[in-house]
Structures are given as C-alpha cells and as structure tokens.
Amino acid sequence: MAVILVTGGAGYIGSHACKALAAAGHTPVTYDNLRNGWRDAVQFGPLEEGDLLDTERLIEVMKEHKPEAVMHFAALIEVGVSVSEPDAFWRNNVSGTLSLLDAMVATGVRKIVFSSTCAVNGDQDGVMLDESSGFAPASPYAASKFAVEHMLHDYGVAFGIRHLAFRYFNVAGADDQARIGEHHRPETHLIPLILDAIEGKREALSVFGQDYPTRDGTCVRDYVHVEDLADAHIKGLAYLDKDTRVPVLTLGTGEGFTVREVMQAAAEATGKPVPAFDAPRRAGDPASLVCGSKLAAQELGWTPDRSNLKRMIEDAYRWHQQGHYDA
Ligand code: UDP
C-alpha cells in the first residue's frame with residue numbers, strides 16, 4: 001500500500017479522495033494551505049500545511065513522506081471570480097502546478113492524477129461532451145485548467161511523469177456518515193444553497209435565468225456524486241501503472257437536470273418546500289452542460305453508480321444537518 005500526496009486534501013473533493021484512499025489501504029498525506037480548505041476535513045491521514053507555490057516546502061514534504069503518486073485537487077474554482085481576478089487563477093492554478101511538478105521531478109515522484117474540468121470544452125450548445133469534444137475554455141478558470149493539461153503532457157514527455165486528467169462538471173453529495181461534506185465560503189453552489197434555503201439558514205434561493213433553451217427554461221447540469229469521483233481517482237492511480245493509457249477521461253452521468261428539477265428533488269428528499277424566486281441570468285452560465293463517461297467505463301471500469309439525484313441530495317442533506325467544520 002502506498003503513500004499518496006493529496007493537494008487540496010482539506011477541500012470538498014480532496015477530502016473524499018483521502019477517505020477513499022484510506023479505505024483502499026493507502027496513506028493520504030494532505031498538502032493544503034487551508035485558505036479554502038478545512039483542518040477538520042483532514043480525518044484520514046496526516047496534514048502538511050503549505051502553499052503550492054512554495055516549491056521548497058513541497059520538496060521537504062515529499063522527501064519526508066516519499067509519496068508514490070500525487071492527486072492534485074488544490075485550485076481556485078470560482079468561474080466568476082476568475083474573470084475579475086485572472087492573476088490569482090494563473091498564479092495558483094498554473095504556477096502552482098508548475099511548482100508541484102518541479103518538486104515531483106526533484107524528488108523522483110512520477111505519477112499524478114489531476115482534477116481538470118469539462119469547462120475546457122466550453123459551451124457546445126448542450127451536446128454531450130466527451131474526450132473528443134473541441135476546446136473553447138471560456139473563463140480564466142477553464143483556461144488555467146487547460147494550461148495545466150498541456151503542462152502535464154510536456155512534463156510527461158520530458159521527465160517521464162505519468163498523468164491522468166479527469167474532466168467533470170458538477171459535484172454533489174457527501175460522506176454517508178456525514179463526517180465530511182461540501183462547505184465553501186462563500187457558498188455559491190446550487191445544492192448547498194437550496195438546503196440552506198430549506199433550513200432557513202439564508203433567504204430564498206435565486207433561480208438564475210428562466211429563458212434558457214431547456215426543458216423548463218432553467219440551466220441543465222450533470223451532477224456526479226463526490227464518492228463516485230473519489231472512486232475514479234483510486235482507479236486512476238492503478239491505471240497509471242498500465243503501459244498503454246489515455247491521458248484524459250471525462251466523468252459524467254450523461255444525464256442533466258434543470259435547476260427546477262434539482263429543487264423539486266430536494267423538496268421530495270427533505271419533505272420541505274424550497275423558498276425561491278426568479279432572478280436574472282448569472283453571467284457566464286451556459287444553458288446546458290452534460291458529459292459522458294464511456295471511455296472511463298472502458299479504461300477504468302468506472303460507472304457513476306451513486307450519482308442518483310435523490311441520493312446525492314439525501315447525502316448532502318444529512319451532512320447539512322449533522323456535519324460541520326469549526327476550523
Ligand atoms: N444556480 C441558481 N441559483 C444559485 C446558484 C446556482 O440558479 O443561487 C444555478 C446556476 O445558474 C447553474 C446551476 O444552478 O445553472 C448550478 O450552479 P453551481 O454554481 O452549483 O455550479 P456551476 O454549474 O456553476 O459549476
């Protein structure tokens with residue numbers, strides 16, 4: 001069993017990856033600057049505090065723990081913020097990954113699984129995306145992830161670093177025991193905001209846009225259970241040992257839900273109405289984003305078994321009611 005360095009292991013997806021790694025018998029070492037992550041989310045292995053841009057610190061941590069591979073989640077993720085603060089996104093996501101890869105080269109760590117995004121493909125008029133889709137990164141966030149995919153390729157050619165990038169869209173759900181879950185500050189994501197509105201923790205949900213060319217006029221998104229994603233990352237690690245590999249896999253259910261369908265599912269799962277009002281479109285929101293996972297099924301044997309909307313909302317609701325981070 002192996003030591004795996006998990007950047008962003010104190011965040012939402014990273015912490016679930018740590019849980020899955022520990023369950024598979026590995027030791028996840030979280031590397032996180034705790035700016036957007038939570039100390040309390042690090043429950044399945046040691047925490048090493050540090051910044052991605054601090055190459056010396058990364059080298060120190062890699063020398064101490066001797067990881068066999070890296071899972072790289074640490075990144076700035078808010079698309080809207082990336083438009084007004086591109087400098088922060090290029091610095092953290094791109095220069096930060098450069099620093100990480102340099103530390104890997106310096107210490108002989110040769111495998112990395114990277115969290116990319118289907119946003120590299122941009123809005124393709126609602127067509128189901130996959131690995132062969134064209135590219136149209138529409139924000140500094142998407143461009144920064146796209147740049148990293150190129151960087152991984154180049155470091156692979158020159159320095160023998162094996163990599164696998166996963167592209168996906170919306171992530172939902174939580175640990176079934178509510179030990180870890182989704183918690184952003186500030187929160188901007190649909191399902192946690194719906195649950196907050198249901199619980200009266202904030203005012204009614206704003207439904208952004210009612211005139212999109214979709215079933216009911218609200219945006220369609222493809223939601224994947226965070227534990228399915230964690231599972232893909234575990235399978236991805238083993239995949240890196242194969243001789244023939246594809247470098248990128250999309251992870252989606254191939255099925256999308258509108259904002260109103262998610263609200264309806266939340267009302268059914270919780271037995272409570274969702275207070276909501278119609279609001280203008282949010283800048284930068286494409287009408288429909290859905291991606292498939294045929295190649296991931298073929299290459300990894302991965303299928304999004306837990307990514308049922310009702311189940312994702314139930315798991316998120318349990319976390320919402322029982323779980324919390326103090327630090
Ligand atoms: N959304 C909404 N109200 C909110 C937050 C989100 O109507 O307060 C919509 C948003 O326009 C998008 C969908 O919910 O169509 C999912 O948004 P989220 O921010 O969760 O994820 P994104 O798709 O932007 O990555």
Side-chain angles (χ1 to χ4, degrees), residues 11-13 36 73 75-84 89 93 115-126 128-129 137-145 166-174 181-226 229 250-253 255-267 274-291 307 309 312-313 315-317 319-320:
Y12 175 39
I13 307 172
N36 295 311
F73 297 96
L76 298 180
I77 58 164
E78 297 296 341
V79 174
V81 177
S82 80
V83 176
S84 52
F89 278 69
N93 296 2
S115 241
S116 188
T117 172
C118 281
V120 300
N121 304 115
D123 187 3
Q124 312 248 345
D125 288 333
M128 189 174 84
L129 301 170
S139 65
Y141 163 72
S144 72
K145 291 280 184 175
F166 286 126
R167 296 188 190 135
Y168 46 89
F169 283 124
N170 300 60
V171 187
E182 183 168 16
H183 191 25
H184 299 109
R185 44 185 175 198
E187 189 55 74
T188 61
H189 292 100
L190 181 64
I191 292 175
L193 288 174
I194 287 176
L195 296 176
D196 274 350
I198 283 176
E199 296 290 297
K201 289 184 184 164
R202 70 175 77 217
E203 52 193 78
L205 179 83
S206 316
V207 178
F208 294 142
Q210 295 76 46
D211 58 351
Y212 287 99
T214 60
R215 291 188 283 281
D216 62 21
T218 63
C219 290
V220 169
R221 294 290 181 274
D222 184 346
Y223 296 86
V224 177
H225 198 299
V226 67
L229 276 184
T250 58
L251 302 176
T253 67
E255 189 185 7
F257 293 97
T258 69
V259 173
R260 291 205 199 286
E261 286 165 352
V262 176
M263 290 164 60
Q264 178 64 28
V274 183
F277 61 91
D278 289 348
R281 287 184 176 201
R282 186 172 67 176
D285 270 345
S288 178
L289 297 174
V290 179
C291 73
S307 301
L309 186 59
M312 288 188 280
I313 292 172
D315 287 350
Y317 190 45
W319 156 253
H320 208 77

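Every number for a ligand or one of its atoms is a count from 1 in the order of the listing. Quick note: numbers below take in every heavy atom, side chains included, and nothing from hydrogens, waters or symmetry partners.
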Seminar exercise, completed: ligand 1 atoms nearer than 4.0 angstrom to some heavy atom of Asn170 are 16 (C), 21 (O), 22 (P), 23 (O), 25 (O)
For this session: For the pair Gln210 (side chain) and Ala279 (backbone), establish whether a donor and an acceptor sit closer than 3.5 Å, ignoring hydrogens and angles.
Result: yes
Exercise. So, Glu187 and Arg202, do they make that salt bridge, N to O below 4.0 Å?
Worked result: no
Problem set entry | Protein heavy atom at shortest distance from atom 9 (C) of ligand 1 | Val259 CG2, 3.7 Å
Problem set entry | Inter-residue atom distance Ile13.CD1 - Tyr168.OH, 0.5 Å rounding | 3.5 Å
For this session: Enumerate the atoms of ligand 1 whose separation from the nearest heavy atom of Thr188 is less than 4.0 angstrom.
Result: 5 (C), 19 (O)
Problem set entry | ligand 1 contacted by Tyr212 (non-hydrogen, < 4.0 Å) | no
Seminar exercise, completed: among protein heavy atoms, the one nearest atom 11 (O) of ligand 1 is Asp285 OD2, 2.5 Å
Seminar exercise, completed: Taking only non-hydrogen atoms of Val207 and a 4.0 Å limit, the atoms of ligand 1 in range are 7 (O)
Seminar exercise, completed: min-distance protein heavy atom vs atom 1 (N) of ligand 1 -> Phe208 CD1, 3.6 Å
For this session: Please determine if Arg281 forms a cation-pi arrangement with Tyr212, meaning its NZ or CZ atom is less than 6.0 Å from the six-membered ring centre and no more than 45° off the ring axis.
Result: yes
Exercise. Does atom CD of Glu199 have more than 12 heavy-atom neighbours, drawn from other residues, nucleotides or ligands, at distances under 6.0 Å?
Worked result: yes
Exercise. Short list, please: which atoms of ligand 1 are under 4.0 Å from a heavy atom of Tyr223?
Worked result: 16 (C)
Exercise. Mind checking whether Cys219 and Phe208 have side chains closer than 4.5 Å, heavy atoms only?
Worked result: no
Exercise. Can any side-chain N or O of Lys201 pair as donor or acceptor with the backbone N or O of Leu195 at less than 3.5 Å?
Worked result: no
Problem set entry | atom 20 (O) of ligand 1: the protein heavy-atom neighbour that sits closest, reported with distance to 0.1 Å | Leu190 N, 2.8 Å
Seminar exercise, completed: re atom 24 (O) of ligand 1, the protein heavy-atom contact at minimum distance is Arg282 NH2, 2.8 Å
For this session: Measure up the Tyr141 and Phe89 rings against each other and bin them: parallel (under 30°), tilted (30 to 60°), perpendicular (over 60°).
Result: perpendicular
Problem set entry | Per-atom contacts, ligand 1 versus Leu193 - under 4.0 Å to a heavy atom | 4 (C), 5 (C), 8 (O)
For this session: State, yes or no, whether a side-chain contact exists between Arg221 and Asp285 at a heavy-atom distance under 4.5 Å.
Result: yes
For this session: Any atoms of ligand 1 less than 4.0 Å from a non-hydrogen atom of Cys219? List them with their elements.
Result: 15 (O)
For this session: Could you see which bit of Leu205 sits under 4.0 Å from ligand 1, with heavy atoms only: side chain, backbone, both or neither?
Result: side chain
For this session: Below 4.0 angstrom from a heavy atom of Ser206, which ligand 1 atoms are there? Numbered from 1 as shown, please.
Result: 2 (C), 3 (N), 4 (C), 7 (O), 8 (O)
Exercise. For ligand 1, is any non-hydrogen atom under 4.0 Å from His189's backbone (N, CA, C, O), its side chain (CB onward), both, or neither?
Worked result: both
For this session: For the pair Asn93 (side chain) and Leu76 (backbone), establish whether a donor and an acceptor sit closer than 3.5 Å, ignoring hydrogens and angles.
Result: yes
Seminar exercise, completed: Looking only at protein heavy atoms, what sits closest to atom 23 (O) of ligand 1 is Arg221 NE, 2.7 Å
